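Below is one structure, written out as structure tokens; comments come after it.
Reminder, nothing fancy here: chain letters follow the sequence lines and each chain counts from 1. Since the structure is predicted, the reported quantities are computational estimates derived from the model, not experimental observations.
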Protein chains: 2
Amino acid sequence: MPQTPPSPSQHTAGRQMRHERTEGDLQHCLLCDRNSGGLCNRIGRDGLEALASSSRRLVLPPGSTMVEEGQAAESFFNITRGTVKLFKSLPDGRRQITGFADPGQFLGLSRAGLYAFGAETVDTVHVCRFQRPQFEALLNDLPHLKRNLLTAITDRLAEAQEQMLLLGRKTAREKVASFLLGRTQTEQPPSDDTPPDPTPVASVPMTRVDIADYLGLTIETVSRTISALRREKLITSTENHCIRILSPDALRQIATGQTAG
Amino acid sequence: MPQTPPSPSQHTAGRQMRHERTEGDLQHCLLCDRNSGGLCNRIGRDGLEALASSSRRLVLPPGSTMVEEGQAAESFFNITRGTVKLFKSLPDGRRQITGFADPGQFLGLSRAGLYAFGAETVDTVHVCRFQRPQFEALLNDLPHLKRNLLTAITDRLAEAQEQMLLLGRKTAREKVASFLLGRTQTEQPPSDDTPPDPTPVASVPMTRVDIADYLGLTIETVSRTISALRREKLITSTENHCIRILSPDALRQIATGQTAG
DNA sequence: CGAAGATTTGACACGGTTCAAAACGTGTGG
DNA sequence: CCACACGTTTTGAACCGTGTCAAATCTTCG
């Protein structure tokens, strides 16, 4: 497992010898706690301190292997920045990406002590890493953590079911439309004063290969389909790895198969 | 929700007025506890009594709707006999079966209080039904139950990932081979004296339509593929809804794509 | 026995893959 | 800053696995 040295960034003050890292991590956890949807919600100051002292923050460059299928599950991660791809593979190299994990999501549950999937960073990724035994202990000590984890897994399972519907029953066009819509929700700060953007932007940091392996298509079909949607003025490319959705309603219709074309 | 009267079977003795049903259910739970893999494992006599008194056993005929997508999640089920299909649908009727739940599995987790999927019985199904508030209370009172549930969901998620690999990247032949192999593990009593059957039997209580909707194929392709495997003497039909696997190794090779044909 | 549903088989069509090549970006060194 | 090279994306043309449509056969059960 590749492992970059912990980033020395954000050293503002506080130079106590042994508490420096922990204090920084606690600050980070307090921040993380405020963003809803994560594991660390509502577990109290004591819980956050326990989490902070038994986790380690890491920054991983793009393309890092975080988890390999079949390996002993030694770490548990909470993603705070960037995107991770989870996948399963066949012996001949065919690959299915089973999901993209964005900030706020966990990573590293194991079946019988082994990872059942592989995981690689898509871009630069920040994580909190826990050693498994310590995380298990935290689970037992913090009922809210256990409950948050249960809720989070349930969400992942529901996503997986939705993705099975996509993979088994949708056309290429429906798949791509669904994918683009799905890439718009991520990491939207809940600001009530700003109404939902009428032309949201999809964050697409991954390559065509990854998209294809996620949707059960080839890169050529993905490319052709995106080109077609662009020709039809339903979407438009803005900057790098960003796609603006000009007609969310039309795209939603396509994604759910409620369209003639 | 269809609902048949509780089966009066296994009344051996004991005619105390108010404890009759509960006692029978406790017997059932004790039995259930012995079969590994379920939610009710290792929760102790007190826990089993709590489970027994807050659950109700039901017998559901084939084709019963247990759960409808989008409905309020009021019940939680533990399956003790029979097979249930879980599925998601598109507005135009296309359907994806996301999994079959066999005895020992639970059913009824909700996202934000709503079921994210539909569920129907395949054959005659026996379940323990819990009302949601009571089940939530049990979860808080019985740490082992919570832990068992976490393990069970993790298994379901791993299965879902495997199924995504199948749906997105396998050929029809590989899909059918995987399916048949997957239908052999279910409900094997752990008898150490009997070595694993060299020609295991796949339990296939569901129709071709269900198999097709599970594998992301049409019924015609499923039928053709099974016929081809039979022609090649890799499988053979025995009784109804049972398929004997004559060459598990060959089928495994096919299922994982390690084959030329 | 007869009817209704499920499964199997056949012929053909089509969506998506495969193979090939051009166009586009991106980073590097001169 | 440009030129080059390499990887990624896009586009094109032909092929093929699976879907579609149709009909025959098999099951199930009143």
Side-chain angles (χ1 to χ4, degrees), chain A residues 61-63 90 92-96 122-123 166-180 204-232 235-243 254 257 259-261, chain B residues 61-63 85 90 92-96 122-124 166-180 204-232 235-243 254 257 259-261:
Chain A
L90 288 169
D92 63 6
R94 278 176 287 174
R95 190 182 64 155
Q96 178 65 40
V122 170
D123 46 15
L166 178 148
L167 290 169
R169 289 304 182 207
K170 289 189 181 179
T171 66
R173 188 175 165 87
E174 290 161 359
K175 286 178 177 181
V176 170
S178 303
F179 170 71
L180 291 176
V204 189
M206 62 291 291
T207 67
R208 291 285 184 273
V209 176
D210 287 342
I211 300 174
D213 282 350
Y214 180 56
L215 300 178
L217 298 171
T218 61
I219 57 173
E220 292 93 333
T221 299
V222 170
S223 182
R224 271 186 261 269
T225 307
I226 290 181
S227 296
L229 293 175
R230 189 164 18 209
R231 259 197 310 280
E232 299 167 40
I235 62 174
T236 186
S237 299
T238 58
E239 339 140 32
N240 230 356
H241 291 297
C242 278
I243 293 178
I254 294 171
T259 181
Chain B
K85 56 188 175 192
L90 288 169
D92 63 6
R94 279 176 286 174
R95 189 183 65 156
Q96 178 65 40
V122 170
D123 46 15
T124 299
L166 178 149
L167 289 170
R169 288 306 182 207
K170 289 189 182 180
T171 66
R173 188 176 164 85
E174 292 161 358
K175 286 177 177 181
V176 170
S178 303
F179 169 70
L180 291 175
V204 189
M206 63 290 291
T207 67
R208 291 285 183 273
V209 176
D210 287 342
I211 299 173
D213 282 352
Y214 180 56
L215 299 178
L217 298 171
T218 59
I219 56 172
E220 293 92 336
T221 298
V222 171
S223 182
R224 271 187 262 270
T225 307
I226 290 181
S227 296
L229 293 176
R230 191 167 9 204
R231 259 196 309 280
E232 299 168 40
I235 61 174
T236 185
S237 299
T238 57
E239 339 141 31
N240 230 357
H241 290 299
C242 276
I243 293 179
I254 295 171
T259 182

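For B:Arg231 and C:dT8, the CZ to P distance is 11 Å, given to the nearest whole Å. Whole-Å rounding puts the A:Asp213 CG to C:dT17 P distance at 11 Å. Between the P atom of C:dT17 and the NZ atom of B:Lys170 lies a distance of 18 Å, rounded to the nearest Å. For the pair A:Ile219 CD1 and D:dG7 C1', the computed distance is 11 Å after rounding to whole Å. Note: CE (A:Met206) to P (D:dT8) measures 15 Å, nearest angstrom. What separates CG of B:Asp210 from P of C:dG5 is a distance of 17 Å, to the nearest Å. Rounded to an integer number of Å, the gap from A:Arg94 CZ to D:dG17 C1' is 13 Å.
Two residues are said to be in side-chain contact when any heavy atoms from C-beta on lie closer than 4.5 Å; B:Ile243 and B:Leu229 fail this criterion. The shortest distance between side-chain heavy atoms of B:Phe179 and B:Val204 falls below 4.5 Å.
For a distance-only test at 3.5 Å, the side chain of B:Arg224 fails to qualify as a donor-acceptor partner of the base of D:dG17.
Side-chain N/O atoms of A:Thr218 include none lying less than 4.0 angstrom from OP1 or OP2 on C:dG16. Taking 4.0 angstrom as the limit, A:Arg173 places none of its side-chain polar atoms (N or O) nearer than this to OP1 or OP2 of C:dG16.
With B:Arg169 contributing its side chain and A:Arg95 its backbone, the two residues share a donor-acceptor pair below 3.5 Å.
Each of D:dG12, D:dT18, C:dT9 was ranked by its minimum atom distance to the side chain of B:Ser227; first place goes to C:dT9. Looking at the side chain of B:Glu220, the nearest of the listed nucleotides D:dT18, D:dC21, D:dG12 is D:dC21. The listed nucleotides are D:dT9, D:dT18, C:dT8; the one nearest the side chain of B:Ser223 is C:dT8.
Take the nearest nucleotide of DNA chain D for A:Arg208 and for A:Arg169: the residue whose nucleotide is more 5' is A:Arg208.
Across all strands, B:Ile226 comes closer than 4.0 Å to no nucleic acid atom at all (heavy-atom distances). At the heavy-atom level, A:Thr221 lies under 4.0 Å from base atoms of the strands shown.
Distance CZ/B:Arg208 to OG/B:Ser223: 6.0 Å, rounded to 0.5 Å.
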